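As the structure is a prediction and not an experimental result, all values here were calculated from the model.
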Amino acid sequence: MPVDVHPLEAILRERIVVLDGAMGTMIQRRKLSEQDYRGKRFRDWKGKDLKGCLELLNLTQPQVVEEIHTEYLDAGADIIETNTFNATTIGLHDFLFQGEPASGRKDQEFFQRVVNDVDLRALIREMNTSAATIARRAANRVTKQTGARRFVGGSIGPLPVTASISPDVNDSGFRAVTFDQLRQAYFEQISVLVEANVDLLLIETIFDTLNGKAALFATADVFEATGKKLPLIVSGTVTDKAGRTLSGQTAEAFLVSIGHAKPLVVGLNCSLGPDEMNPFIEELARVAPVYVGAYPNAGLPDPLSETGFPETPETLAPKLKRWAENGWLNLVGGC
């Protein structure tokens, strides 16, 4: 194998790589209580309820997170993602930041306080470090048991605010957050994940390409600062049957917008099920000059289903198999 070929790319050249599935639904199945989320450390927390703050479990219930990683590895996943999808200051501010917006609505002054909060930043750092450690321990154990290398991917989600869309329908020019604030939040997360020796980074579920670009610029900053460069998987999310992201781009336009980052894999994830996503994966596979990945939802959300989604492994697998048979996929997983 040439020296400049990453081990993950070497596998991609040979076969379809398997990514793990959703962390959230696996945690939901365990029916954890508010006390479980708090654990001993946050037992006397005076802020908002913490139930649903999945990334906090890296600190309070690490064995639960490791069990889920192990289940995916035992099922054959080549890559497991760290439990860090929302693990940024902005991503978890609703749970962990106790300040309130001075103007009555969350604005740039409010989010400047969020990204500068010393205690929150320290907690985010600890959370990401723990998540990477947990995932690495599970991956190394299964690698040793099977002899097949397993990879740890640092999960970087889209954030609950958007740089290019106003959250106020009555004030279309308003932006709650700046590009630099997003970039700072991402930089701190990505720095820790790289420092903790993840094998690759996944910038995923991008519904606003400007948010995605903030993550990509932060990634470039980290690579420059550390002298390390990891493979990138960049995955967008189409939000309707017209195949556009929330900020209005088609899959091909999204591909062009993020191409400067030279991702190893570009793909689509979340939002839609395989039936609805079918034409957009086909289009992406046609135009992409790099490897293509997909990890769709298990169908459109269904509150009456046990997991909140209608597809089961038995119904989802044949649909993904058809994508593989059509030559559309180099990487596949679940969301």
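Side chain of Arg150 to main chain of Val142: no donor-acceptor pair is present (N/O by atom type, distance under 3.5 Å, no hydrogens or angles). Listed for the Asp199 side chain is a donor-acceptor partner under 3.5 Å among the backbone atoms of Val152. For Glu9 (side chain) and Leu264 (main-chain N/O), no donor-acceptor pair under 3.5 Å exists by modelled atom type. A donor-acceptor contact shorter than 3.5 Å links the side chain of Glu34 to the backbone of Leu50. A distance-only check finds no donor-acceptor pair linking the side chain of Asn278 to the backbone of Ile281 [under 3.5 Å]. With hydrogens and angles ignored, the 3.5 Å screen pairs a side-chain donor or acceptor of Arg113 with a backbone N or O of Glu100. Judged by distance alone, the side chain of Asn211 and the main-chain N or O of Val161 form a donor-acceptor pair under 3.5 Å. Looking only at distances, a side-chain donor or acceptor of Arg136 sits under 3.5 Å from a matching main-chain atom of Asn197. Thr84 places no side-chain N or O within donor-acceptor distance of the main-chain N or O of Asn128, the cut-off being under 3.5 Å. Without hydrogens or angle criteria, Glu252 side chain to Glu283 main chain gives no donor-acceptor distance under 3.5 Å.
With hydrogens and angles left out, the side-chain atoms of Ser164 and Asp208 include a donor and acceptor closer than 3.5 Å. Side-chain polar atoms of Ser257 and Gln249 form a donor-acceptor pair below 3.5 angstrom. Using modelled atom types, one finds no donor on one side chain facing an acceptor on the other under 3.5 Å when comparing Asn140 with Thr143.
When hydrophobic clusters are built by joining Ile, Leu, Val, Met, Phe, Trp and Tyr residues whose side-chain heavy atoms come closer than 4.5 Å, directly or via intermediates, Leu284 is not grouped with Leu246. Cluster annotation: Val18 is not connected to Leu202 through the hydrophobic network of ILVMFWY side chains, with a link wherever side-chain heavy atoms come within less than 4.5 Å. When hydrophobic clusters are built by joining Ile, Leu, Val, Met, Phe, Trp and Tyr residues whose side-chain heavy atoms come closer than 4.5 Å, directly or via intermediates, Val290 is grouped together with Leu329. Connection of Met26 to Phe309 is not established within any shared hydrophobic cluster, with ILVMFWY side chains joined at heavy-atom distances below 4.5 Å, either directly or through further cluster members. The hydrophobic cluster containing Phe207 does not contain Tyr186, counting ILVMFWY residues as joined when their side-chain heavy atoms lie under 4.5 angstrom apart, directly or transitively.
Residue Lys51 comes nearest to Leu32 through the heavy atom pair CE-O, 3.2 Å, listed as atom of the first residue, atom of the second, then distance. The two residues Leu230 and Val198 make their nearest non-hydrogen contact at CD1-O, 3.5 Å. Contact detail for Leu232 and Thr219: the closest heavy-atom pair is CD2-CG2, 3.9 Å. In terms of heavy-atom proximity, Val64 sits nearest to Arg30 at CG1-CD, 3.5 Å. Summarising the geometry of Asn58 relative to Ala131, their closest heavy-atom pair is ND2-CB, 3.5 Å, with the distance given to 0.1 Å. When all heavy atoms are compared, the tightest approach of Leu19 to Glu81 is CD2-OE2, 3.7 Å.
Counting heavy-atom neighbours within 6.0 Å of Phe223 CZ, excluding the residue itself, gives a total above 12. Within 6.0 Å of CZ in Arg15 there are more than 12 heavy atoms belonging to other residues, nucleotides or ligands. By the 6.0 Å contact criterion, NZ on Lys48 is enclosed, its count of non-hydrogen atoms from other residues, nucleotides or ligands being greater than 12. Within 6.0 Å of atom NZ in Lys228, more than 12 heavy atoms from other residues, nucleotides or ligands are found, so the atom counts as buried in its surroundings. Within a 6.0 Å sphere centred on CD of Glu224, other residues, nucleotides and ligands contribute 12 heavy atoms or fewer.
Separating the NE2 atom in His260 from the CD1 atom in Ile258 is a distance of 7.5 Å, to the nearest 0.5 Å. Within the model, atoms OG of Ser235 and CD1 of Ile203 stand 11.0 Å from one another, a figure rounded to the nearest 0.5 Å. Between the OG1 atom in Thr60 and the CE atom in Met127 there is a gap of 8.5 Å [rounded to 0.5 Å]. Atom-to-atom distance recorded for Trp45:CH2 and Phe95:CZ is 11.0 Å, nearest 0.5 angstrom. Within the model, atoms NE2 of His6 and NZ of Lys229 stand 12.5 Å from one another, a figure rounded to the nearest 0.5 Å. Rounding to the nearest 0.5 angstrom, the gap separating the OG1 atom in Thr205 from the CD1 atom in Ile156 is 11.5 Å.
With contacts defined as side-chain heavy-atom distances shorter than 4.5 Å, the pair Met23/Leu57 does not qualify. Using a 4.5 Å cut-off on side-chain heavy atoms (C-beta onward), Thr245 and Ile206 make no contact. Looking at heavy atoms from C-beta onward, Ile79 lies in side-chain contact with Val17 at the 4.5 angstrom threshold. Looking only at side-chain heavy atoms (C-beta outward), Glu67 and His69 stay at 4.5 Å or farther from each other. Residues His93 and Pro160 have side chains in contact (heavy-atom distance under 4.5 Å, counting atoms from C-beta outward). A 4.5 Å side-chain heavy-atom check between Ile90 and Val115 finds at least one atom pair inside the cut-off. Taking the side chain as every heavy atom from C-beta outward, Phe85 and Pro158 approach each other to under 4.5 Å. Within the 4.5 Å cutoff, side-chain heavy atoms of Leu320 are placed close to those of Pro296.
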Q) Do Arg286 and Glu282 pass the salt bridge (Lys or Arg N to Asp or Glu O under 4.0 Å) test, and can you show the C-alpha distance, the side-chain angles, and the key distance before you say yes or no? A) CA-CA 6 Å; Arg286 184 182 68 82; Glu282 180 179 12; over 6 Å; no

(Q) If you apply the rule side chain to side chain contact (heavy atoms under 4.5 Å, CB included), what do you find for Tyr37 with Leu54, and how did you get there? (A) CA-CA 8 Å; Tyr37 274 87; Leu54 306 184; 3.4 Å; yes

Q: Take Asn269 and Thr237 through the side chain to side chain contact (heavy atoms under 4.5 Å, CB included) test and state the conclusion after the steps.
A: CA-CA 6 Å; Asn269 77 289; Thr237 291; 3.9 Å; yes

(Q) Between Glu188 and Thr89, is the side-chain hydrogen bond (donor to acceptor under 3.5 Å, both in side chains) condition met? List the steps. (A) CA-CA 9 Å; Glu188 294 183 350; Thr89 50; 5.0 Å; no

Q | Working for side chain to side chain contact (heavy atoms under 4.5 Å, CB included), residues Arg13 and Tyr291 | A | CA-CA 9 Å; Arg13 291 180 177 185; Tyr291 297 108; 3.2 Å; yes

**Q.** Phe280 and Leu272: CA distance, side-chain angles, deciding distance, side chain to side chain contact (heavy atoms under 4.5 Å, CB included) verdict
**A.** CA-CA 11 Å; Phe280 315 127; Leu272 304 178; 4.0 Å; yes

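Ring planes of Trp323 and Trp328: tilted class, angle from 30 to 60°.
Contact check on Arg322 versus Glu325 returns no salt bridge, with no Lys/Arg side-chain nitrogen under 4.0 Å from an Asp/Glu carboxylate oxygen. Using a 4.0 Å cut-off between charged side-chain N and carboxylate O, Asp94 and Lys106 make a salt bridge.
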